[in-house]
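Down below is the structure, laid out as C-alpha cells.
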4 protein chains.
Amino acid sequence: MDVKTLPRREREKLRQREDLLAAALELFSESGYHNVSMREIAQRAEFAVGTVYKFFRNKEDLYKALIMATAAEYHRVLKAALDEQKEVPSVLRDYVAAKAAVVVGGAPTLRLYFAETRGASFNIKAGLDQDIRKLYDEVVAQLASVFASGVKKKVFRKLDPYYMAVALEGMTNAFLFCWLENPKRHSYETNIPTVMDMFMEGVLVK
Amino acid sequence: MDVKTLPRREREKLRQREDLLAAALELFSESGYHNVSMREIAQRAEFAVGTVYKFFRNKEDLYKALIMATAAEYHRVLKAALDEQKEVPSVLRDYVAAKAAVVVGGAPTLRLYFAETRGASFNIKAGLDQDIRKLYDEVVAQLASVFASGVKKKVFRKLDPYYMAVALEGMTNAFLFCWLENPKRHSYETNIPTVMDMFMEGVLVK
Amino acid sequence: MDVKTLPRREREKLRQREDLLAAALELFSESGYHNVSMREIAQRAEFAVGTVYKFFRNKEDLYKALIMATAAEYHRVLKAALDEQKEVPSVLRDYVAAKAAVVVGGAPTLRLYFAETRGASFNIKAGLDQDIRKLYDEVVAQLASVFASGVKKKVFRKLDPYYMAVALEGMTNAFLFCWLENPKRHSYETNIPTVMDMFMEGVLVK
Amino acid sequence: MDVKTLPRREREKLRQREDLLAAALELFSESGYHNVSMREIAQRAEFAVGTVYKFFRNKEDLYKALIMATAAEYHRVLKAALDEQKEVPSVLRDYVAAKAAVVVGGAPTLRLYFAETRGASFNIKAGLDQDIRKLYDEVVAQLASVFASGVKKKVFRKLDPYYMAVALEGMTNAFLFCWLENPKRHSYETNIPTVMDMFMEGVLVK
DNA sequence: CATGAATGAGGGTTCATTCAT
DNA sequence: AATGAATGAACCCTCATTCAT
C-alpha cells in the first residue's frame, strides 16, 4: 500500500488526483459548491475539463471525495484520541488538542466540513449528509461514553453525558471557528487550555 | 414608522413584500439558495416573476433582505435581554432563554442564519458576510461586556470575557442545533437550564 | 376545438409551436436527429434556445411530437380509407391513393417516418419505437383483414392475408420512396395505377 | 489480390482491420452510429483507441468502410445471380433467393444497409449516400434489364421494366424486413416462394 | 509501432433577468 | 402596475481526435 511501491504511472495518477482535489478545495472553500464551475476547477489544476472526469464521475462525486477524505482522517484522529487508556480528564484534553491540531493543520477543508455537519448545507442532493453525519455521530457517541465513564468514576457531576459531549463540541467548535477566521488574533495554543478550563471548572467563582 | 399611518397603497405594498419574503424563506430553508428558482418563489407567493423584481433588484438582494430581516429581529431581542439591569447571572440566563425562544419560535429561518454566521455559507458572493457579521459581532461584544462586568464584580473567575462569550455562544448554538434537528428528542425547556448549569458550574465535581 | 375560438394568446402559442415543429422538421429531415442541435432549431425558428423548452420538455420530446403528429394523421387517413364499405379492390385502390396523397402532401416528414418504421432508427432511446410501431401494425392488420375478406369472397387467391398486406405495403412504399427522391421523374399519378395493376394482376402474361 | 501472397505483416494488418470492422458492425447494428463511441469499438476489438485511427481516418471513415464492404459483397452476389444465363423467371427466383440468403446469413449488417439505402439515414453527413446509391442503382438497373428482356420475350406483360424492378425490390425488402424483426415467426423458406408467386401471378383470381 | 491519457469543442439544458403588453 | 413569454449566458458533461511515451 505504500505509494512508493506503485508503478510510476499509478503514482503519477495519484498525484494528479491530489492536484485536482487541492484545486477543487481551494475553489470550493473560497466560493462554495455552487459558485465554482468544473471549468474553473480544471483550469486551476491546469487540466482540461475532460480530464477531471477521468478521476471523478461528476461534480458531486468530486465534492464528496473532498469532504469525505477530510472527514475520514479527522474522525480517525479524534477516535484515536478517545481510545487512549488514560484518566478521563486527560483523554478529553488530548481529544481537544487533537481536534485543534487537525483544524490548524488542514484549515481550508474544515470550513467545508463544518458547513456539512453544523450548517445548513444544500450543496448536494443527498447521501453525503448521511455518510458524513454517521461518522460525526459516532465521534459524539464515543465522546459521550467517555463522559459517562467520568460520571461513574465521580470525576464529573451527574449530568447527561450526551449533552456534556454536545457542550464540549459546541465550545471547541466555536473557538476553532474563531481561529479559522482570524488565526493571528486567536492563537490556539493559549485558547485550547482556556476553553478546557472553562468547560471543566465553569465560570463562577467558587 | 407606524404601518397604520401609511397610505393604503403603501401598506398593501409592504404586505406583498412580506408575503414574498415568507415564501422565499420557506423555500430557501427547505432547499437552499441555489436550489430555489425565482419562478418558484414567485409561484409560492402567488405573484408573477416580474413582480418579484419590483421589490428586490435580484435574487441576491432578496436573500440578503431575508437574512437581514431575521438577523435584525434576532439581534434586537438578544440586545434587549442583555440591556436589562439585573444581576449578571440573571442577565445571562435571560439572554439564553431569549435566544432559545427566538429559535423555537422561528425555526426555519435559523437554519439559514446559522449557515450565514457560523457555517461556511457561500450562497451569495459577498457583502452579506460583512453586514450580518457586523450585527453578530455587536451581540458578542455586548455579551463580552456583561462577562467583563461579572468578572469585575468577582461573580466570575478572571477569564477573558470575549472567550467566555464565545464559549457560551458555542454551547447554546450546539444545543439549539440539536433541537432544530430533532425537536422531539431534545426538549429545549430542560436543556436550556442544563447548558446554563454546565457553563456556570463546569463539569468537575468540586 | 376550433382554433379560431381560442383566445388570441393561445392561438399565438399554437402558431409558435407549429413554427418550431416546422423548423425542426426541416433540419431533422435534412440532417437527422443527431446532427441537429437545439440551438440550430431555435435559430431556424427565430427563437432563443430557452423558448424551445417552453414547448417541449427536451430534444427527444420535440422529435417524438414531430413524428407522432405526422404518424397519427397518416394513420387516420389510411384507416379511414380502409373503413369504407366498398368492394374489396376499390378499397385497396382508395387506400393506396390515400397513402400516396398523404406522402405527396407532406413529403419531408415521411422520410423521418419511414426511417422510424422501416429503417434502423436509433434516434431515441425507446418508447417512440413502441408507439409508432403500434400504430403501424394496426394499419397493416386492418389491411390484412381487407385481404382476408377478399379471399373469402373469392376475389383474391387463397394466400396468407398478412403477407398480401406486407407485399402491398412493400410495393407502395418502394414507389413512394422513388417519388420522394425524385418527384419529377416518378409522377405518382401514373405510377399508382401501375403498381396497383402489377399487384393485382401479377407480371406474367396469362 | 490473394491474401496469402501478401507478406506476413500485411496479412496481420488486414486481419486486424477485419476484427475492427467486425466489432464496429456489432456495435453499430445494436445501437446505431451515434450511440457508439470509438472507445467502445476499440475495446470490443481489443485495441487501443489510437490504433483504430491507424486503420481509419475517423469515425465516419470507419462507418463508410463498413457499409461499403457489406454493400459490395451484397451487390456482387446479386449481380452474379442476375448474370446467370437462364430463363427470365428462373433468374428472378434465383435473384430473390440469393438476396434472402445474404440477409439471412448476415442479418446485423443489413439493418444498417437498409437504413442507408431505403430509409432516411443521417448517420454521416454526406458522401456515403452517393457511393452506396450508385451501387444500388446498378443492381436495380440490371434487374430492370432482366425485366426488359422478359417483356421482349413476352414472358411478362408490357409494363415499365424499371417499375417492375422497383416493385420486386419493394416486396422482397418488406418480407426480409419482417424476417429481420422476427425470424421465428416469418420463416423465410416459405415466404420467399410466396412473395415470388404473388409478384408473378398477382393476387386476383383469374 | 501501439498505447491511452489528455484535450477542448460542442451538445443539451436551466434559470436569472428583461420588457412588451 | 402587473404580467409571464422570451432571452441567452453559463452550466455540466461527452467523446472524437491527438500525441508524448
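We name chains A, B, ... by the order of the sequence lines, and we start the count at 1 in each one.
- Contact detail for B/Met68 and B/Leu135: the closest heavy-atom pair is CE-CD1, 4.0 Å.
- The separation between D/Arg17 atom CZ and E/dA2 atom C1' is 18 Å, rounded to whole Å.
- Legend: residues meeting salt bridge (Lys or Arg N to Asp or Glu O under 4.0 Å) with A/Arg15, ordered by chain and number and at least two apart, are A/Asp19.
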Let me check I have this right: for DNA chain F, each base becomes ., (, ), [, ] or |, based on Watson-Crick or G-U pairs with both distances under 3.5 Å. What is the full string? .||||||||||||||||||||
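- The interatomic distance linking D/His34 (NE2) with E/dG10 (P) rounds to 16 Å, in whole Å.
- For B/Arg44, the side-chain hydrogen bond (donor to acceptor under 3.5 Å, both in side chains) partners two or more places apart in sequence, or in a different chain, are B/Glu26.
- Between the NZ atom of C/Lys59 and the C1' atom of E/dG10 there is a distance of 12 Å, rounded to whole Å.
- Every residue was checked against the side-chain hydrogen bond (donor to acceptor under 3.5 Å, both in side chains) condition with C/Glu18, not counting sequence neighbours, and none meets it.
- Under the rule for a side-chain hydrogen bond (donor to acceptor under 3.5 Å, both in side chains), the partners of D/Glu73 that lie at least two apart in sequence or sit in another chain are D/Arg76.
- Evaluation of the side-chain contact (heavy atoms from CB on, under 4.5 Å) rule for A/Ala45 yields A/Leu20, A/Ala23, A/Phe47 as partners, not counting sequence neighbours.
- Of all non-hydrogen atoms in A/Lys59 and A/His34, the two that sit nearest each other are NZ-CA, 4.3 Å.
- Contacts of B/Ala65 classified as side-chain contact (heavy atoms from CB on, under 4.5 Å), with partners at least two apart in sequence or in another chain: B/Arg17, B/Leu21, B/Phe56.
- Nucleotide E/dA2 holds its P atom 7 Å from the CD atom of D/Gln16, rounded to whole Å.
- If you take CZ of A/Phe55 and P of E/dG4, they are 15 Å apart, rounded to a whole angstrom.
- Nucleotides of DNA chain F that come within less than 4.0 Å of any heavy atom of chain D span, from the 5' end to the 3' end, F/dA16 to F/dT18.
- For the side-chain hydrogen bond (donor to acceptor under 3.5 Å, both in side chains) test, no residue two or more places apart in sequence or in another chain qualifies with A/Thr51.
- In this entry the distance linking CE of A/Met38 with P of E/dT7 reads 14 Å, nearest Å.
- The CZ atom of C/Arg39 sits 10 Å away from the C1' atom of E/dT13 (whole-angstrom rounding).
- D/Arg39 pairs by the salt bridge (Lys or Arg N to Asp or Glu O under 4.0 Å) definition with nothing, not counting sequence neighbours.
- In this structure, the side chain of D/Tyr33 engages the main chain of D/Glu60 through a donor-acceptor pair within 3.5 Å.
- For DNA chain F, the neighbouring residues in residues 44-54 of chain D, judged by any heavy atom under 4.0 Å, are D/Val49, D/Tyr53.
- Atom-to-atom, CD of B/Glu60 to P of E/dA16 comes out at 12 Å; the value is rounded to the nearest Å.
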